[in-house]
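Down below is the structure, laid out as structure tokens.
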Amino acid sequence: MLNQTEKRPVILAIGGHDPVGGAGIQADIESIGSNGCHAATAITCLTVQDTCNVRKLIPIPATTLLDQAQAVLSDCCVSAIKIGLLGHQDSASAVTELLKANPQIPVVFDPVLAAGGGSDLANEGLLSVIRDELLPLCHLLTPNTHEALRLSRQDQHTSLELSAQALLGTGARAVLVTGSHDMSDPQQVTHRLYRPNEPAWQSRWPRLAGEFHGSGCTLASAIAAGLARGLSLVEASQAGLAYTWATLEAGFAAGRCQRIPFRYLNLSHTGAPGS
Ligand code: PLP
């Protein structure tokens with residue numbers, strides 16, 4: 001019989017470092033670990049930021065990014081890949097190359113295009129590599145409403161449905177649009193999962209007050225962990241949303257601006273497939 005360590009699926013998290021520990025790779029490590037998996041990591045960029053905004057983004061050379069990912073992929077049996085902030089088009093191209101070489105591994109991509117404080121984190125060069133090369137290789141995208149519209153080149157007046165269909169049209173297999181930026185319902189947040197030829201699946205949650213730093217990373221990582229543990233896409237989405245909502249409800253003020261999700265929940269979780 002395998003012990004718990006041997007049964008813990010490995011997830012490769014590819015993303016940026018946030019020194020304040022709210023978003024990025026630290027969020028991925030905490031969320032993946034709390035959801036029964038082990039996070040191996042490959043850093044795309046360093047950032048200089050606090051809980052208020054991002055001041056600087058320093059890309060890691062694409063060859064170094066690939067070397068990190070290859071070290072993990074050639075040593076571990078990776079059950080899922082989670083991608084967050086890419087920060088530079090060369091990083092996006094390197095990740096594309098990596099995904100093409102490992103087509104059997106499910107990929108969850110949280111397309112981080114802007115910081116919570118408003119700084120733009122994606123120029124047109126990066127956006128076109130994402131649209132044309134990366135999206136077709138992803139099993140699940142988890143954009144918020146702003147990211148879905150920008151990635152699909154739609155304006156605010158376009159329906160989310162149309163925007164999600166345009167993203168599915170790139171070849172991405174599913175899109176979970178997170179709804180916290182949509183203030184049409186002040187009491188509730190609705191998240192919608194779109195898949196080709198299926199009605200949209202919805203999940204509603206009570207709206208929590210305040211703003212959070214790293215909620216998108218927390219969610220995408222938790223869903224990747226659910227998929228790695230053998231859950232279906234809908235089960236992993238629901239479990240990821242429930243976990244993320246609980247981390248936000250337990251969120252805390254580490255600094256002056258956005259609150260940080262408290263991710264050390266579920267720690268009794270063994271994560272064993274079938275357990
Ligand atoms: N990853 C890094 C390194 C970041 O700096 C940010 C935002 O600033 C994000 C991810 C996305 O954060 P969130 O989950 O709040 O969208």
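Side-chain atoms are counted along with the backbone in the values below, which use heavy atoms only and exclude waters and symmetry mates. In each ligand, atom 1 is the first atom listed, and ligand 1 is the first ligand listed.
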- request: Walk me through it: do Ser159 and Glu161 pass the test side chain to side chain donor-acceptor pair (under 3.5 Å)?
  value: CA-CA 5 Å; Ser159 76; Glu161 171 80 39; over 6 Å; no

task: Please work out which of Ile260, Thr44, Leu85 has its closest non-hydrogen atom nearest to atom 2 (C) of ligand 1.
output: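 Shortest heavy-atom distance from atom 2 (C) of ligand 1: Leu85.
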
Of all the non-hydrogen atoms in the protein, which one sits nearest to [atom], and at what distance?
atom: atom 11 (C) of ligand 1; result: Val112 CG1, 3.6 Å
atom: atom 8 (O) of ligand 1; result: Gln49 OE1, 3.4 Å
atom: atom 14 (O) of ligand 1; result: Gly216 N, 2.9 Å
atom: atom 6 (C) of ligand 1; result: Ala23 CB, 3.8 Å

message: So for Cys217, does at least one of its heavy atoms come nearer than 4.0 angstrom to any atom of ligand 1?
response: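 Under 4.0 Å: yes for Cys217.
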
query: Under 4.0 angstrom from ligand 1, any heavy atom of Gly214?
result: yes

Using a 4.0 Å cutoff against the non-hydrogen atoms of [X], which atoms of ligand 1 qualify?
X: Gly16; result: 3 (C)
X: Val54; result: 8 (O)
X: Ala115; result: 8 (O)
X: Gly24; result: 1 (N), 2 (C), 3 (C), 10 (C)
X: Ser215; result: 14 (O), 15 (O)

field: ligand 1-proximal atoms of Thr218, by part, heavy-atom distance under 4.0 Å
entry: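 Under 4.0 Å from ligand 1, Thr218 contributes no heavy atoms.
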
query: To which residues is Val108 joined in a hydrophobic cluster, defined by side-chain heavy-atom contacts under 4.5 Å among Ile, Leu, Val, Met, Phe, Trp and Tyr, whether direct or through other members?
result: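 Result for Val108 is Leu140, Leu176, Leu193, Trp201, Trp205, Leu208, Phe212, Leu219, Ile223, Leu227, Leu233, Val234, Leu241, Trp245, Leu248.
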
message: Does atom CD (Gln188) have a neighbourhood of more than 12 heavy atoms from anything else shown, all under 6.0 Å?
response: yes

